[in-house]
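Worksheet: one structure, shown below.
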Protein chains: 2
Amino acid sequence: MNIGEAARRSGVSAKMIRHYETQGLVTPQRLVNGYRDYAEADLAVLRFIRHARALAFPLEDVRKLLALWRDRNRASADVRQIALAHVAALESKAQAMQAMAASLRHLAAHCHGDARPDCPILDELEKSP
Amino acid sequence: MNIGEAARRSGVSAKMIRHYETQGLVTPQRLVNGYRDYAEADLAVLRFIRHARALAFPLEDVRKLLALWRDRNRASADVRQIALAHVAALESKAQAMQAMAASLRHLAAHCHGDARPDCPILDELEKSP
DNA sequence: CCTTGACCTTCCCATTATGGGAATCCCTAT
DNA sequence: ATAGGGATTCCCATAATGGGAAGGTCAAGG
């Protein structure tokens with residue numbers, strides 16, 4: 001099947017499918033006319049990538065996960081290790097963001113939010129250190 | 001003062017100071033030899049930017065906040081509106097990440113994590129839809 | 001036989017913020 | 001003079017995604 005149908009059936013845009021190919025994640029056949037030709041197995045790979053990306057795995061991780069997926073002799077420990085490292089990264093970023101949000105929310109709560117110019121948010125940003 | 005000292009005293013790298021200049025956020029004088037020359041007011045701006053970036057405000061927001069900061073007739077409502085919109089963005093991203101983390105954590109909890117190949121994490125990524 | 005439309009191909013550009021590194025210039029102290 | 005430490009500009013790279021151009025391919029239909 002051509003890239004358009006592969007995109008429709010995998011839920012991955014044609015643009016991204018080509019990109020994943022440059023990254024070595026999918027390797028479709030080529031027809032004589034130069035068109036990419038996707039097999040069902042390629043579709044499965046594309047869906048795998050989509051699911052992994054939906055969980056925000058970076059492509060580097062996706063590459064490793066794909067390799068493990070294909071490896072019948074993999075150790076589930078390897079998969080789990082990648083997943084848990086990613087979980088840690090996600091949680092750390094999420095926490096950092098929520099800390100920023102909380103601190104800003106606190107400042108905003110003390111801001112009149114009217115026509116007056118004085119504002120604790122700007123006061124905070126203005127501090128010297 | 002030259003860019004090196006400005007970097008030291010503001011906590012912003014020389015590289016980023018130059019970048020902020022290309023974005024129109026800081027506009028130091030130039031000496032005859034072409035060197036940038038920072039006044040105390042520029043330092044204050046750089047610190048302001050650093051604080052705003054520490055709260056993950058995108059540069060576009062920083063630009064607006066700087067304008068309001070300089071405007072003696074600003075309405076604190078405008079500042080607050082920018083801040084709260086950013087808070088909403090932060091919280092939404094943080095929530096999305098935590099949802100992903102939670103779902104992955106759940107999958108990982110059901111993964112043996114040993115030498116066996118079967119793994120619910122891969123099973124999930126492999127699903128058809 | 002040729003046109004039209006829907007595909008496909010590759011290539012370039014942009015996004016956001018940050019940094020690395022090269023080539024070149026400037027100034028000061030030896 | 002020359003060596004060292006800064007400074008300047010310019011290019012490149014990051015991660016993932018998309019926009020868009022220029023041109024090739026193919027099937028249907030006049």
Side-chain angles (χ1 to χ4, degrees), chain A residues 1-39 42 45-46 48-66 82 85-86 89-90 93 96-97 100, chain B residues 1-38 42 45-66 85-86 89-90 92-93 96-97 100:
Chain A
M1 87 196 72
N2 64 23
I3 201 173
E5 191 181 344
R8 248 172 283 122
R9 293 188 50 198
S10 68
V12 177
S13 75
K15 210 85 191 204
M16 289 316 297
I17 293 179
R18 293 195 192 94
H19 178 59
Y20 295 150
E21 183 176 344
T22 72
Q23 303 305 301
L25 302 184
V26 230
T27 52
Q29 296 294 307
R30 291 284 181 143
L31 299 176
V32 277
N33 61 17
Y35 284 21
R36 291 171 177 81
D37 186 30
Y38 296 87
D42 295 317
V45 169
L46 290 174
F48 185 100
I49 297 174
R50 178 164 61 81
H51 295 318
R53 288 292 305 141
L55 289 169
F57 277 106
L59 286 195
E60 250 328 284
D61 283 7
V62 177
R63 183 195 317 283
K64 293 173 197 157
L65 291 170
L66 268 175
I82 293 173
H86 180 51
L90 282 174
K93 279 185 206 165
M97 286 197 220
M100 296 185 235
Chain B
M1 90 196 69
N2 63 22
I3 201 173
E5 191 179 345
R8 248 171 283 120
R9 291 187 51 197
S10 67
V12 178
S13 75
K15 208 87 191 202
M16 289 315 298
I17 294 179
R18 293 195 192 94
H19 178 59
Y20 295 150
E21 183 176 343
T22 72
Q23 303 305 300
L25 303 184
V26 232
T27 53
Q29 297 294 307
R30 291 285 181 143
L31 300 176
V32 278
N33 61 15
Y35 283 22
R36 291 171 178 80
D37 187 30
Y38 296 87
D42 296 318
V45 169
L46 290 174
R47 291 200 190 99
F48 184 100
I49 297 173
R50 179 164 60 81
H51 295 318
R53 287 293 304 140
L55 289 170
F57 278 107
L59 285 195
E60 249 329 284
D61 283 6
V62 177
R63 182 195 315 283
K64 293 173 197 155
L65 291 170
L66 269 173
H86 180 51
L90 282 174
S92 135
K93 279 185 205 167
M97 287 198 220
M100 297 184 233

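Side chains included, hydrogens not; waters and symmetry mates left out as well; all remaining heavy atoms used. Chain letters run A, B, ... following the sequence lines, proteins first and then strands; every chain starts at 1. Keep in mind that what you see is a predicted model, and the values were worked out from it rather than measured.
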* Starting at the 5' end of DNA chain D and moving along, which residue's nearest nucleotide shows up first, A:Y35 or A:S13? -> A:S13
* Residue met sooner reading DNA chain D from 5', once A:H19 and B:N33 are mapped to nucleotides -> B:N33
Among [options], which nucleotide has an atom closest to any side-chain atom of [X]?
X: A:M16; options: C:dT18, D:dA16, C:dC7; value: D:dA16
X: A:R53; options: C:dA17, D:dA7, D:dT17; value: D:dT17
X: A:K15; options: C:dG20, C:dC11, C:dT18; value: C:dC11

Taking the side chain as everything from C-beta on, heavy atoms only, tell me whether [X] gets closer than 4.5 Å to [Y].
X: A:R36; Y: A:E21; value: yes
X: B:L55; Y: B:H51; value: no
X: A:L66; Y: A:I49; value: yes
X: A:L59; Y: A:H19; value: yes

Euclidean distance, atom [atom1] of residue [X] to atom [atom2] of [N] [Å, nearest integer]:
X: B:R63; N: C:dA17; atom1: CZ; atom2: P; value: 10 Å
X: A:I17; N: C:dC7; atom1: CD1; atom2: P; value: 15 Å
X: B:L55; N: C:dA17; atom1: CG; atom2: C1'; value: 16 Å
X: B:R36; N: D:dG6; atom1: CZ; atom2: P; value: 17 Å
X: B:R30; N: D:dT9; atom1: CZ; atom2: P; value: 5 Å
X: B:I49; N: C:dT16; atom1: CD1; atom2: P; value: 16 Å
X: B:K93; N: D:dA16; atom1: NZ; atom2: P; value: 15 Å
X: B:R18; N: D:dC10; atom1: CZ; atom2: P; value: 12 Å

* **Distance below 4.0 Å between B:N2 side-chain N/O and D:dG6 OP1 or OP2** => no
* State whether A:Y20 places a side-chain N or O below 4.0 Å from either non-bridging phosphate oxygen (OP1 or OP2) of D:dA16. => no
* To do: Start with the C-alpha distance between A:E60 and A:R63, add both sets of side-chain angles, then the distance that settles salt bridge (charged side-chain N to carboxylate O under 4.0 Å, His left out), and finish with yes or no.
  => CA-CA 5 Å; A:E60 250 328 284; A:R63 183 195 317 283; 2.8 Å; yes
